[in-house]
Amino acid sequence: TNIKLHEYLEPIYKEFEGWRCPTSDIKEYDKLPANMKEYLTFLEANLDTKISIISVGANRSQTIFL
């Protein structure tokens, strides 16, 4: 059969409050803005996966490992 999976999917639209502070110098998860952590928690729950790496910039030193 030629089933198109996307025809059976319904997107979830959810708005989040942003964060207006820079995050590029943050090295620890606990120091991330609360709204950012709320967004990451939503992603984990709805993608049914655990986030283990968060990038806050382009450099390797701007990576948070969980």
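Numbers here are sequence positions counted from 1. No hydrogens, no waters, no symmetry mates; every other heavy atom, side chains included, goes into these values. Keep in mind the model is a prediction, meaning the values are calculated, not measured.
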If you apply the rule side chain to side chain contact (heavy atoms under 4.5 Å, CB included), what do you find for Phe42 with Leu47, and how did you get there? CA-CA 8 Å; Phe42 172 83; Leu47 297 175; over 6 Å; no
Output for pair (Lys37 NZ, Ile51 CD1), nearest 0.5 Å, gives 13.5 Å
Output for pair (Arg60 CZ, Ser55 OG), nearest 0.5 Å, gives 11.5 Å
Should Leu32 and Ile54 be marked as a side chain to side chain contact (heavy atoms under 4.5 Å, CB included) after you check the CA-CA gap, both sets of side-chain angles, and the distance that decides it?
CA-CA 10 Å; Leu32 292 173; Ile54 300 168; 4.0 Å; yes
Test your reading of the model: is there a side-chain donor-acceptor pair from Lys27 to the backbone of Thr63, 3.5 Å cut-off? no
- Keeping the roles fixed (side chain from Asn35, backbone from Gly18), state whether a donor-acceptor pair exists under 3.5 Å. yes
Closest non-hydrogen contact found for Ile26 with Pro33 is CD1-CD, 4.1 Å
_With side chain to side chain contact (heavy atoms under 4.5 Å, CB included) as the criterion, how do Ile64 and Leu66 come out once you've worked through the C-alpha distance, each side chain's angles and the decisive distance to 0.1 Å?_
CA-CA 6 Å; Ile64 300 171; Leu66 305 176; 4.0 Å; yes
Quick note, salt bridge (charged side-chain N to carboxylate O under 4.0 Å, His left out) partners involving residues 43-55, not counting sequence neighbours, are Glu44-Lys50
**Q.** Derivation of the side chain to side chain contact (heavy atoms under 4.5 Å, CB included) call for Glu38 and Thr41
**A.** CA-CA 5 Å; Glu38 179 184 347; Thr41 299; 5.7 Å; no
request  = Report the relative orientation of the aromatic rings in Tyr39 and Phe16; use parallel for angles under 30°, tilted for 30 to 60°, perpendicular for over 60°.
outcome  = perpendicular
>> Within a 6.0 Å radius of atom CG on Asp25, are there more than 12 heavy atoms belonging to other residues, nucleotides or ligands?
In response: no
request  = Determine whether Phe65 and Tyr29 fall in the same hydrophobic cluster, where Ile, Leu, Val, Met, Phe, Trp and Tyr are linked whenever their side-chain heavy atoms lie under 4.5 Å apart.
outcome  = no
